[in-house]
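Down below is the structure, laid out as structure tokens.
Only this structure's heavy atoms are used, side chains among them; waters, hydrogens and symmetry mates stay out. These numbers come from a predicted model, not from an experiment.
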Amino acid sequence: MFKKFKLAGNTSGAIRSDAEMEKINKEEADKAFKVQKELLDYYLSEKGFFKYKTNAYIRRNKVDALEYIDIQKEKYGSKTFTVNYALIPLYVPHEFLSFDLGDRLGKLICNKDVWWDYAEDHMASISFQNVIDAMEKFLLPWFERCSDDDGIKTALLKEKKEREKYGCRLSNTQQAWLDTIDNHDDCDEIIRENIKIFKLPAKMVGF
């Protein structure tokens, strides 16, 4: 996968050195982030995603699972960001919005934690375009593979196998998801309750 996709605009990690931090114009970086995120907003809206909270996006698929994406800024001011993604079943009881199946976009691209750079205009432009390209090539196809019960079941069983390698197990929600994957047609009440818990936007289709 990695050989077929060139990362651009990324740093070696989330944290910069003190000398690098001193060179950053924070106002310029924040403005660049805002401008480029508007382009990402448009791209994802064209794919059927709705904005959710400040830097997140959601889309409901045909088997009542939420496709979730968020842009996570590094919190100590390095002006880098990463991208998280998840699939969340609406028909399994939740106490809060939990990322039941997913990871970071970098893991999907090259099995590494990638943080993109937005310290100035040019780099922000390169970074966000690279993220959009990666979404097109890796993330949206992953959501497509998990857009039916068989695809989700395959992904959950893969997750279970990976965890068992390290002596771990699926979370309670993941196991409940796997247990109900073949029979979730009569879950309207659970879906309505999760819509309230997640505070999903009313304009989303079917809500």
- Task: Give me the ring orientation class for Tyr118 and Phe81: parallel if the planes are under 30° apart, tilted from 30 to 60°, perpendicular past 60°.
- Result: tilted
- Task: Please test Asp149 against His184 for side chain to side chain contact (heavy atoms under 4.5 Å, CB included), starting from the C-alpha separation and ending with a verdict.
- Result: CA-CA 10 Å; Asp149 291 338; His184 60 87; 2.9 Å; yes
- Task: Please step through side chain to side chain contact (heavy atoms under 4.5 Å, CB included) for the pair Leu200 and Leu66, ending with a clear verdict.
- Result: CA-CA 10 Å; Leu200 298 178; Leu66 285 181; 3.9 Å; yes
- Of all heavy-atom pairs between Leu140 and Tyr43, which one has the smallest distance, and what is that distance? CD1-OH, 3.3 Å
- Is a side-chain donor-acceptor pair under 3.5 Å present for Trp177 with Asp100? no
- Asn130 versus Leu7, closest heavy-atom pair with distance: OD1-CA, 3.6 Å
Atom pairs and distances, donor-acceptor, side-chain atoms in residues 101-108, under 3.5 Å, two or more places apart:
{"unit_1": "Arg104", "atom_1": "NE", "unit_2": "Asn84", "atom_2": "OD1", "d": "3.1"}
{"unit_1": "Arg104", "atom_1": "NH1", "unit_2": "Asp113", "atom_2": "OD1", "d": "3.3"}
{"unit_1": "Arg104", "atom_1": "NH1", "unit_2": "Asp113", "atom_2": "OD2", "d": "2.8"}
{"unit_1": "Arg104", "atom_1": "NH2", "unit_2": "Gln72", "atom_2": "OE1", "d": "3.3"}

- Query: Below 4.0 angstrom, N of the basic side chain to O of the carboxylate: do Lys79 and Glu28 qualify?
  - Reply: no
- Item | Electrostatic pair Lys6-Asp133, nearest N-O below 4.0 angstrom | no
- Task: Would you mind checking if Glu162 and Lys165 are paired as a salt bridge, meaning a charged N to carboxylate O distance below 4.0 Å?
- Result: yes
- Query: Going by distance alone, is a donor N or O of one side chain under 3.5 Å from an acceptor N or O of the other, for Asp185 and Tyr91?
  - Reply: no
- Task: Have a look at Tyr85 and tell me which of Phe138, Trp142, Tyr68 forms a ring-ring contact (aromatic ring centres under 6.0 Å, His included) with it.
- Result: Trp142
- Identify whether NZ of Lys or CZ of Arg in Lys73 sits under 6.0 Å from the centre of the six-membered ring of Phe33 and within 45° of that ring's axis. yes
- Message: Any non-hydrogen side-chain atom of Arg59 less than 4.5 Å from a side-chain atom of Leu44?
- Response: no
- Message: So does Gly9 get a backbone contact from the side chain of Ser127, meaning a donor-acceptor N/O pair under 3.5 Å?
- Response: yes
- Would you call the rings of Phe143 and Phe49 parallel, tilted or perpendicular, where under 30° means parallel and over 60° means perpendicular? tilted
- Message: Can you tell whether the side chains of Lys34 and Asp30 come within less than 4.0 Å, N to carboxylate O?
- Response: no
- Group every Ile, Leu, Val, Met, Phe, Trp and Tyr by side-chain heavy-atom contacts under 4.5 Å, then state whether Leu39 and Met135 land in the same group. no
